[in-house]
Chemist: 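One structure follows; several queries about it will come next.
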Amino acid sequence: FMTFDSFMEAYEPHQDKAAIVHFRITTHGETDQDNTHPFQVGKSLVFIHNGVINRVNRDEDKSKSDTFWFNQKLLVPIYKRIAASSLRIISRNSFKNILVAAS
């Protein structure tokens, strides 16, 4: 959602449910829907991040955020490689801890 009013309209019917909500404060890239979380990693996994991920090469398209490129260049390829063998690793705490530590 690109405005608070559009967010609230969609959120109100679900306000009593457990949810993850992320509001973007632009650090890199444009403030647009392409840079808005969550990012789709794979069929059953999304990625939300707060802060800056250093050392992410954004030269390909600087309109995209560091988080967008981190997802596209690291997480999506890892997911695809794992998906080819087994997705069970994604549910392990050790995998989740790696993702948390990377942010």
Chemist: Do the non-hydrogen side-chain atoms of V46 and V41 ever get within less than 4.5 Å of each other?
Modeler: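 No. Closest side-chain heavy atoms not under 4.5 Å.
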
Chemist: Looking at side-chain heavy atoms only, is the closest gap between I53 and T67 below 4.5 Å?
Modeler: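 Yes - at least one pair of side-chain heavy atoms lies under 4.5 Å apart.
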
Chemist: First locate atom NE2 of H28, then atom OG of S65, and finally report the distance between them rounded to the nearest 0.5 Å.
Modeler: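 Going from NE2 on H28 over to OG on S65, the span is 9.0 Å.
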
Chemist: Quick one: side-chain contact (heavy atoms from CB on, under 4.5 Å) partners of Q33, sequence neighbours excluded?
Modeler: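 Scan of Q33 (side-chain contact (heavy atoms from CB on, under 4.5 Å), adjacent residues dropped) gives none.
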
Chemist: Nearest heavy-atom pair of K43 and Q40: which atoms, and what distance?
Modeler: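 Shortest heavy-atom contact: O-NE2, 3.7 Å.
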
Chemist: Less than 6.0 angstrom separating the ring centers of F39 and F70, yes or no?
Modeler: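 Ring centroids of F39 and F70 are no less than 6.0 Å from each other.
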
Chemist: Give me the ring orientation class for F7 and F4: parallel if the planes are under 30° apart, tilted from 30 to 60°, perpendicular past 60°.
Modeler: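 Rings of F7 and F4: tilted, 30 to 60°.
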
Chemist: Work out which heavy atom in P38 is nearest to a heavy atom in I48; give both atom names and the distance.
Modeler: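 Nearest heavy atoms, P38 then I48: CB-CG1, 3.7 Å.
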
Chemist: Report the C-alpha distance between E60 and K73 in whole Å, list the side-chain angles of each, state the deciding distance to 0.1 Å, and finish with yes or no for side-chain contact (heavy atoms from CB on, under 4.5 Å).
Modeler: CA-CA 11 Å; E60 187 174 331; K73 293 181 178 187; 3.9 Å; yes

Chemist: What pair of heavy atoms forms the shortest contact from N35 to H37, and how long is it?
Modeler: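 Shortest heavy-atom contact: O-CD2, 3.6 Å.
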
Chemist: Is any NZ, NE, NH1 or NH2 atom of the basic residue among K64 and D34 found under 4.0 Å from an Asp or Glu carboxylate oxygen of the other?
Modeler: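 Looking at D34 together with K64, the answer is yes, because their closest N to O distance falls below 4.0 Å.
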
Chemist: Are L75 and V56 linked, directly or through intermediate hydrophobic residues, by side-chain heavy-atom contacts shorter than 4.5 Å (ILVMFWY only)?
Modeler: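 Same cluster: V56 reaches L75 through Ile, Leu, Val, Met, Phe, Trp or Tyr contacts under 4.5 Å.
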
Chemist: To the closest 0.5 Å, what do you measure between CZ (F47) and CD (Q72)?
Modeler: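 It is 11.5 Å, given to the nearest 0.5 Å.
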
Chemist: As a quick check of understanding, evaluate side-chain contact (heavy atoms from CB on, under 4.5 Å) for W69 and N57, giving each step before the final call.
Modeler: CA-CA 7 Å; W69 285 120; N57 184 345; over 6 Å; no

Chemist: Applying a strict under-4.5 Å side-chain criterion to I, L, V, M, F, W and Y, I'd like to know whether F68 and V76 cluster together.
Modeler: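 Hydrophobic grouping puts F68 apart from V76.
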
Chemist: Do NZ/NE/NH1/NH2 and the carboxylate oxygens of R58 and D61 come within less than 4.0 Å?
Modeler: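 Salt bridge between R58 and D61, a charged N being under 4.0 Å from a carboxylate O: no.
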
Chemist: Quick check: closest heavy atoms across D66 and T27, and the distance to 0.1 Å?
Modeler: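 The answer is OD1-OG1, 4.1 Å.
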
Chemist: State whether the side chain of H14 and the backbone N or O of D16 hold a donor-acceptor pair below 3.5 Å, judged by distance alone.
Modeler: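 Checked: no pair found.
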
